[in-house]
Amino acid sequence: MNIIARAAVYIYDGSAMSPIFPHKAEKPADETGAYLSAVADRLMNSDTSRTTCVEPGSAQEEMLRRFGYTPFHEAADALMRGMDESMQALEIPRAGFDMVIFSFDKDNDPHLCVAQLPYRRAMVHQIEMEEEKIAARIQEHGYVLPLSGSKAYSGFVVNLSTGDIRLRDTVVLTNVGNRMLFSESLFAMAKTRTTKEAVQAVTEMIEQAAPPDMRLQELKPALKRAMARSIEEKGVIDVQDVAEEIFRSDPEREAIIEEVSRQMQEEAMEPVIPVENKRVMTQLAKLKIKTDNGISISLPRMLADDENSFAVVSNDDGTMSIIISRVQELKTE
C-alpha cells in the first residue's frame, strides 16, 4: 500500500543546472512510494535517531507550519530554498545527493519527511556486439541512490500536528567548522539525546550513585530489569521509578534517588525517557555476561530473573560460579 501522498525531489548532482527544482509535486508510483516509506521508517526507528523539535519562533518553524495552510509544492519549495540559502552561506558542498520531501499520514496525524539521499558509485555490466561476438565489460555507472535500508542517508520526520521530530543527522564541513547538517546548519533544533544515549547516561548516573558495596554484577541486571519493566508498564523509562525499584531495600534509598535526580538536573535530562525504537527494548530484554576467562553468555531477561533456572553464586575462595539449570538440549555451533 502506497501511503505517500505527495513527494518532491530536489537534485544536487553538481551539474550546471544544479540544484534542480521539480516542476510540481505529485503522488509517487508504488515502487517509489515503497522506497520512500522505508526511508521514513528507518529515520523514525534507527538507534541513532533522536526526538527533538524546532526552536519556537525560529524561521524554520514557520517554514514547517506552511505545510498546514499552503499547497504542498509551495511549502516544499519555500523550505528547500531556505535550506539551499543556508547551504550556500555556510559553503556546504551542494553536489552528490538528492533532497526529497514527502508527506504521509501515520496514526491519523499528518507527517512530513525531509531526507538527504547521497549518491554512491556503482559498477554495472555493458554488453556489446563485436564482429558477431558478444563482449561484456564492467564499467562505472556514475551514481545511484542508497538502498532504502542503508545508513547512508540522513533527515527527519516531523509530526505536523505536534511538532515532534525524529531526526537522524550527519556531520558536514562548513566554513565555520564541522556542524550537524540538519540540527545545526539548516535548522535551529533543540539539543536532545538519542534513546541509546539517554539510556547510557542514566546507567552511568545510577552506577555512580549506587552504594560502594553494591557490585556491578548485581547492579547491571537489576538496572536492565527495572528499565524493561518501566517500558512494559508505562511505555517509557521513568528514571525515578527505576531507581526506586533498584534500591528499594537499601536504607539510603532516598539519598541515592536524590543524587540521581541532582545529576539529571545538571545534565539537563528529562526524568522520563521516551522509547521509540524496538532495538532498545530488545537490548533491555536480554542479559549479557562476560567473564574474565573469556566466557560470554547472552540470555533472555525472564530466564535470568528465574532463580531456579539461572544463578550466580560466590565461592569460598572469592571466585564466582554460573549455574544454568533445567536445560533440555545443548547445541554446539
Counting C-beta onward and ignoring hydrogens, is there a side-chain heavy-atom pair between [X] and [Y] closer than 4.5 Å?
X      : Y      : result
Leu117 : Tyr35  : yes
Gln88  : Arg94  : yes
Phe182 : Val114 : yes
His73  : Arg6   : no

Distance (rounded to the nearest 0.5 Å) between Glu244 CD and Ile257 CD1 | 4.0 Å
Does the side chain of [X] come under 3.5 Å of the side chain of [Y] through a donor N or O and an acceptor N or O?
X      : Y      : value
Asp84  : Tyr12  : yes
Thr48  : Arg168 : yes
Gln208 : Glu204 : no

Could you go through the side chain to side chain donor-acceptor pair (under 3.5 Å) check for Ser230 and Asp238 one step at a time?
-> CA-CA 6 Å; Ser230 180; Asp238 188 318; 5.9 Å; no
Within 6.0 angstrom of Met17 CE, more than 12 heavy atoms from elsewhere | no
Neighbour count above 12 (heavy atom, 6.0 Å) for Glu31 CD = no
Can you name the residues that form a side-chain contact (heavy atoms from CB on, under 4.5 Å) with Asn159, not counting sequence neighbours?
-> Asp109, His111, Ser161, Thr162
Show the numbers, then the answer: is there a salt bridge (Lys or Arg N to Asp or Glu O under 4.0 Å) between Arg81 and Glu85?
-> CA-CA 6 Å; Arg81 292 189 190 282; Glu85 289 174 4; over 6 Å; no
Same cluster or not: are Ile231 and Val236 linked, directly or through other Ile, Leu, Val, Met, Phe, Trp or Tyr residues, by side-chain heavy atoms under 4.5 angstrom apart?
-> no
Please report the closest heavy-atom contact between Gly33 and Ile4, naming both atoms and the distance.
-> O-CG1, 3.7 Å
